[in-house]
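When a ligand or atom number is given, it counts from 1 through the structure's own listing order.
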Amino acid sequence: MRTLLQALVALLLPVLFLAAAAPARAAADHVYDFEDGTTQGWSPRGDGVSVAATTGAAHGGAASLLVTGRTANWHGASLAAPFVKGVTYRVSAYVRLAAGQPAATIALTVQRTPAGGETTYERVAAATVTDGAWVRLAGAYLFTADSTDLQLYAESDDATGRYHLDDVVLAPQGDPTREPIAADFEDGTAQDWSPRASAALAATAEAAHGGTRSLAVTGRSASWDGPALNVLGRLGKGDKYDVSVWVRLGAGVDSGRLGLSIERRTAGTPSYEQIVPPTDVPAGEWVRLAGAYTLSRDVDFLSLYVESDTGTFPFHLDDFALTYVAPKPIQTDIPALKDRLPFTLGSALTRPDTFGVHGELLARHFNGITPGNELKWDATEPREGEYAFADADDLVAFGERHGMTIRGHTLAWHSQTPAWVFEGADKQTLLNRLESHVRTLVTRYKGRIAAWDVVNEVVDENQPDGLRRSPWYEITGLDFIRTAFRVAHEADPAAKLFINDYNTEFPRKREALYALVKRLKAEGVPIHGVGHQLHLNIEQPPASSVEDTIERFAGLGVQQQVTELDVSVYTDFVSSYDPIPGELIAEQGHRYKELFDVFRRQAAHLTSVTVWGESDDVSWLNTWPINRLNAPLLFDRDLQAKPAYWGVADPSKLPPRVRRLEAPAGEIVLDGKRDQQWDLLPDAPIARVGEVSAGFQARTTAAGMYVLAEVADRSVSAADRVTFTVDGVARTVTRLGGHKAAARPTPTGYRVEALVPKGTDVDVTVRDGGTAVSWTGKVTPAPAVKLTTAAHRAPVLDGVAEPAWRAAPEIRTGTWIQGASGATATVRSLWSGSTLYVLAQVTDPALSEESPNAWEQDSVEIFVDPGNGKTKGYTDDDGQYRISFSGRLTVGGTFDAAGVKDNLRAVTRTVPGGYVVEAAIALPTATLRPGTLLGFDVQVNDATGAARTAAVTWNDATGRSYLDTSHWGVLRLA
Ligand code: XIL
């Protein structure tokens with residue numbers, strides 16, 4: 001009788017033997033053993049071939065894959081290979097011929113198509129194989145170019161040979177952090193996903209993004225409850241991963257936002273980071289949440305999950321993928337930017353930027369840094385008196401290691417400040433909290449942080465006193481500013497103390513900030529410098545307004561720094577490109593050149609220029625104000641130099657610039673005077689070189705093209721001249737005029753007008769001795785810019801067209817931007833004081849406000865641009881004022897419409913066959929006087945039920961009036 005022990009040993013022996021014989025397999029290995037009776041993703045390669053799991057022969061276990069029906073050498077069994085670029089794999093497999101087959105050479109081969117190249121075939125392993133024994137094929141495989149259609153297959157030099165394949169192992173070398181993770185739920189399981197709390201997860205065939213199944217998520221207990229994947233050990237510190245997952249709302253859910261987040265814990269303390277912020281998921285649609293993540297700390301817990309911003313609605317998840325992104329090495333054969341500039345070149349950074357190639361890029365090109373978030377109040381003092389400095393310390397240490405100058409950002413701000421700071425605070429309490437905070441931070445980094453943004457964004461040029469109505473201001477007036485500077489100065493007398501703000505390049509904001517700094521200095525507040533954030537865009541504002549700002553503050557005797565420079569490729573808050581057109585990226589290079597020309601010229605007043613991030617992949621503008629691809633910085637997403645880089649380092653390497661300009665129909669008197677016609681549009685700027693700059697415009701007429709150059713050049717010389725070259729034919733005009741041309745002196749230089757032949761390719765070159773500035777690009781004809789007049793009187797705002805209105809000329813909407821017929825309006829304008837009045841008499845027999853969207857209701861929109869700036873994108877005081885037939889008001893402007901939202905009043909009245917809108921629009925930022933020109937347009941939206949079925953404007957034919965002011969008409973005040 002066998003003892004129990006003997007029985008156990010007998011049972012276990014084969015298992016132990018197997019365990020000893022089999023090579024060690026890591027969790028991340030791909031293993032194909034066919035033990036489940038399926039082909040495990042292997043499929044026939046070639047017509048007539050079949051592959052099937054069989055128990056007839058097996059290397060390990062009981063089954064293998066049998067390949068039959070081959071008629072060509074390249075026929076066989078094939079697998080869509082899970083190989084990842086840049087990862088080396090050990091590949092091994094066992095092969096044996098079917099009984100009776102003659103010996104043959106069996107090979108494992110990879111077929112692959114590199115991007116833009118021809119399909120390649122790479123042999124991984126091969127051996128002579130017989131029907132008498134299992135033979136091991138083994139080799140390594142790596143590919144490094146972006147490729148598609150990767151297939152691993154087994155082929156034989158015996159065209160008809162039948163064989164068995166078993167125990168195929170694809171083992172990524174190195175560590176599991178290079179191994180991709182995927183989930184498709186096609187096997188009917190939740191595939192390693194588990195609920196964060198009590199949600200129910202189940203693979204379901206109810207909906208699928210790819211294949212036939214997805215993961216259904218139901219019964220969520222909170223917005224953060226849902227499917228989670230443990231990725232501990234799978235992400236390398238400092239490595240970048242692309243993460244992507246498809247989501248869809250559950251049946252019956254009609255709206256919701258879903259995002260992708262990660263929870264990490266260090267020493268048990270959790271932190272939550274959004275990889276993709278909650279994004280709108282329209283009912284019935286699959287939406288991809290895709291982002292990149294870099295783990296920047298040592299962790300003992302790491303979990304990726306999908307959550308909603310609010311609600312516990314059910315949803316589906318499918319086709320998840322997480323892949324390691326092998327970094328491109330940074331370029332080492334290009335000049336280090338910091339060596340080429342007469343001031344410190346800084347970059348904002350966050351902790352992940354200190355690792356790997358990002359860290360290398362920072363160290364190579366920058367000699368300054370600003371922690372992007374780590375010194376803000378929410379990061380440093382989340383609860384009263386509980387300070388957290390781990391991240392800030394780390395970044396400061398990084399800066400010191402690389403000999404960089406460190407900016408501290410920021411001590412008092414209305415944003416990223418925890419609610420407790422203001423809670424129950426009377427003035428003294430708030431100032432006490434501020435004092436402790438400022439003293440703690442500045443003392444901690446005394447001697448290490450050279451400059452502090454003591455207060456951030458405190459100016460609001462739309463307030464009568466120019467000060468932002470933040471809780472700081474509401475509770476303390478100006479005292480929070482005084483306290484913050486005083487305490488910072490006490491804590492580190494050597495630190496340079498800055499007031500920092502955005503839009504300082506716009507005249508109204510510039511002046512409001514100027515007045516504040518002047519006042520604080522006069523009071524003796526220890527304010528040493530002004531920080532210009534300079535969040536700009538590809539069109540706006542011109543480099544000259546940045547220069548004007550620097551020159552303005554130079555007179556105050558303060559240091560200046562550019563603190564957050566970036567140049568968005570977008571001019572509005574809704575558009576998005578993917579990919580971003582190369583032409584814009586090239587244009588941006590010229591923008592950067594013009595800006596750095598200004599900075600170099602003004603270097604005596606500037607101690608540093610900081611860009612808000614070292615490379616496009618880390619820019620905040622990828623998620624603000626909406627999620628969209630943006631490319632606002634000097635290096636691209638792969639950390640390679642962009643034209644923007646060359647614009648700073650060596651403009652001679654910039655691609656040629658091709659500008660575009662419309663030449664509306666218009667008549668000009670050639671006398672060197674600036675006709676009102678020219679004032680309908682702004683001059684296209686030609687940036688300054690030396691002491692010369694200029695502006696350019698064109699108009700089309702039957703006889704040719706009128707051109708205008710407004711030249712700023714104070715030194716009069718006989719060599720001063722402007723050459724207009726149209727399609728290769730040049731015409732030169734001096735200060736004295738010329739053929740079909742006129743010239744006249746102006747306070748800053750001279751003006752030239754000429755009539756030249758019509759054409760497309762235009763070059764305007766302005767010369768002053770050896771210096772030349774030019775504009776080169778394409779000019780296209782366009783319809784005339786419409787002009788109307790507002791009479792000077794005030795109506796009674798009652799929805800009645802009293803006789804006063806007859807003083808103003810009537811205009812009519814007739815430019816269809818949707819449909820070709822429908823509601824229209826006749827419109828008249830009056831003005832008085834700083835208010836514009838508009839009367840619109842609308843013909844529209846059927847009125848509807850059914851749509852929840854204001855622009856799809858029967859309504860009138862009035863567009864007003866107080867400076868007639870004709871900018872692409874809205875500036876602060878540009879407004880879109882909408883009045884529905886029933887008197888509902890909606891106002892659009894820059895993204896929060898802060899500068900215009902309170903400007904509109906209106907009375908409406910329905911009348912037989914339509915309605916009347918009488919509107920009053922306050923224009924506090926403009927000085928209204930006879931002759932003033934306003935950018936102006938009117939649009940009528942025609943609703944049928946819940947849809948807009950037609951829309952018509954007075955002037956703008958683009959359909960983009962709500963985004964772009966450049967095609968509005970002009971209103972002149974009489
Ligand atoms: C931004 C950061 O870059 C983002 O990561 C954060 O989510 C929001 O704040 N003006 C400022 C900076 O003064 O602090 C802002 O930084 C960008 C605008």
> Answer with side chain, backbone, both or neither: which part of Trp413 has a heavy atom less than 4.0 angstrom from an atom of ligand 1?
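Contact part for Trp413 vs ligand 1: side chain (C-beta onward).
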
> Ring centres of Tyr570 and Tyr577 under 6.0 Å apart?
yes

> State whether Glu273 and Arg264 are salt-bridged, where the test is any N-O pair (Lys NZ or Arg NE/NH1/NH2 against Asp/Glu carboxylate O) under 4.0 Å.
yes

> Report the part of Asn456 in contact with ligand 1, treating N, CA, C, O as backbone and CB onward as side chain, heavy atoms under 4.0 Å; options are side chain, backbone, both, neither.
side chain

> Atom 6 (C) of ligand 1: which protein heavy atom is closest, and how many Å away?
Asn373 OD1, 3.4 Å

> Going by the order shown, which atoms of ligand 1 are within less than 4.0 Å of some heavy atom of His409?
11 (C), 12 (C), 13 (O), 14 (O)

> State the atoms of ligand 1, each with its element, that fall below the 4.0 Å cut-off from a heavy-atom position in Glu457.
10 (N), 11 (C), 13 (O)

> Quick one: nearest non-hydrogen protein atom to atom 11 (C) of ligand 1, plus distance?
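It is Glu564 OE1, 2.9 Å.
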
> So between Lys376, Gln274, His535, whose heavy atom ends up nearest atom 15 (C) of ligand 1?
Lys376

> Check the pair Val458 / Phe480 against side chain to side chain contact (heavy atoms under 4.5 Å, CB included), numbers first and verdict last.
CA-CA 10 Å; Val458 299; Phe480 78 99; 3.7 Å; yes

> Over 60° means perpendicular and under 30° means parallel, so tell me whether His437 and Trp377 are parallel, tilted or perpendicular.
parallel

> Quick one: CD on Gln540 to OH on Tyr874, what's the gap to the nearest 0.5 Å?
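With rounding to 0.5 Å, CD (Gln540) is 13.0 Å from OH (Tyr874).
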
> Just one of Thr370, Thr563, Asp453 clears the side-chain hydrogen bond (donor to acceptor under 3.5 Å, both in side chains) bar with Arg407, so which one?
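The option that passes is Asp453.
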
> By the definition side-chain hydrogen bond (donor to acceptor under 3.5 Å, both in side chains), identify the one residue from Glu307, Gln274, Arg196 that meets it with Ser261.
Glu307

> Any non-hydrogen atom of Tyr502 lying under 4.0 Å from ligand 1?
no

> Mark up the atoms of ligand 1 that fall under 4.0 Å of a heavy atom belonging to Gln533, in ascending order.
10 (N), 11 (C), 13 (O)

> What do the steps show when you test Asp876 against Lys509 for salt bridge (Lys or Arg N to Asp or Glu O under 4.0 Å), and what is the final call?
CA-CA 10 Å; Asp876 241 43; Lys509 181 111 176 213; over 6 Å; no

> Suppose we measure from atom 8 (C) of ligand 1 to each protein heavy atom; which comes out shortest, and what is that distance?
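Result for atom 8 (C) of ligand 1: Gln416 OE1, 3.3 Å.
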
> Check for me whether Trp612 has a heavy atom closer than 4.0 Å to any atom of ligand 1.
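Yes; Trp612 lies near enough to ligand 1 that a heavy-atom distance drops under 4.0 Å.
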
